[in-house]
Amino acid sequence: MEKKFYSVKMRSSKNGFHISGAERIVSEKEIEKVSMSLIKRALNHSRGKPDFINLKVEEIKEEIVYIS
């Protein structure tokens with residue numbers, strides 16, 4: 001069975017100005033842990049507390065190319 005991977009993206013801002021953002025490529029079992037980690041990153045960023053956090057989880061359907 002082929003292992004599925006997901007892109008987990010976070011973007012946070014305050015008053016329309018970017019505070020923090022990140023993307024992780026993870027397996028299905030890692031989605032919850034990584035999502036919480038990115039939300040905590042947004043809430044505790046040195047640039048301040050956001051008034052907007054967007055979290056997007058999307059299945060990767062293209063072939064993943066590994067770079068050494």
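Owing to the predicted nature of the structure, the values given are computational and were not obtained by experimental measurement.
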| query | Can you check whether Ile39 reaches Arg41 side chain to side chain, under 4.5 Å on heavy atoms? | reply | no

| Atom CD of Glu23 and atom CZ of Arg11: how far apart are they, to the nearest 0.5 Å? | 14.5 Å

Pair up each side-chain donor or acceptor in residues 45-54 with any protein partner under 3.5 Å, not counting sequence neighbours, and list the distances.
residue: His45; atom: ND1; partner: Arg47; partner atom: N; Å: 3.1
residue: Arg47; atom: NH1; partner: Ile19; partner atom: O; Å: 3.1
residue: Lys49; atom: NZ; partner: Leu43; partner atom: O; Å: 2.8
residue: Asp51; atom: OD1; partner: Asn15; partner atom: N; Å: 3.4
residue: Asp51; atom: OD2; partner: Asn15; partner atom: N; Å: 3.0

| said: For Glu32, I'd like to know if atom CD has over 12 heavy atoms of other residues, nucleotides or ligands within 6.0 Å. | reply: no

| request: For residues Phe5 and Val26, determine if any side-chain heavy atom of one lies less than 4.5 Å from a side-chain heavy atom of the other. | output: no

| Heavy-atom closest pair, residues Glu28 and Tyr6 | CB-CE1, 3.7 Å

| query | Of all residues at least two apart in sequence or in a different chain, which pass the side-chain hydrogen bond (donor to acceptor under 3.5 Å, both in side chains) check with Arg24? | reply | none

| message | If I take atom CD1 from residue Ile31 and atom CD from residue Glu59, how far apart are they, to the nearest 0.5 angstrom? | response | 9.0 Å

| message | Closer than 3.5 angstrom, by distance alone: can the side chain of Ser37 be matched with the main-chain N or O of Lys33 as a donor-acceptor pair? | response | no

| request: Working to the nearest 0.5 Å, report the span between OG of Ser7 and CD1 of Ile25. | output: 4.5 Å

| Shortest non-hydrogen contact between Ser35 and Val57, atoms and distance | OG-CG2, 4.3 Å

| query | Strictly by modelled atom types, are Glu30 and Ser27 linked by a side-chain donor-acceptor pair under 3.5 Å? | reply | yes

| query | Which pair of heavy atoms, one from Leu38 and one from Met10, lies closest together, and at what distance? | reply | O-CE, 3.6 Å

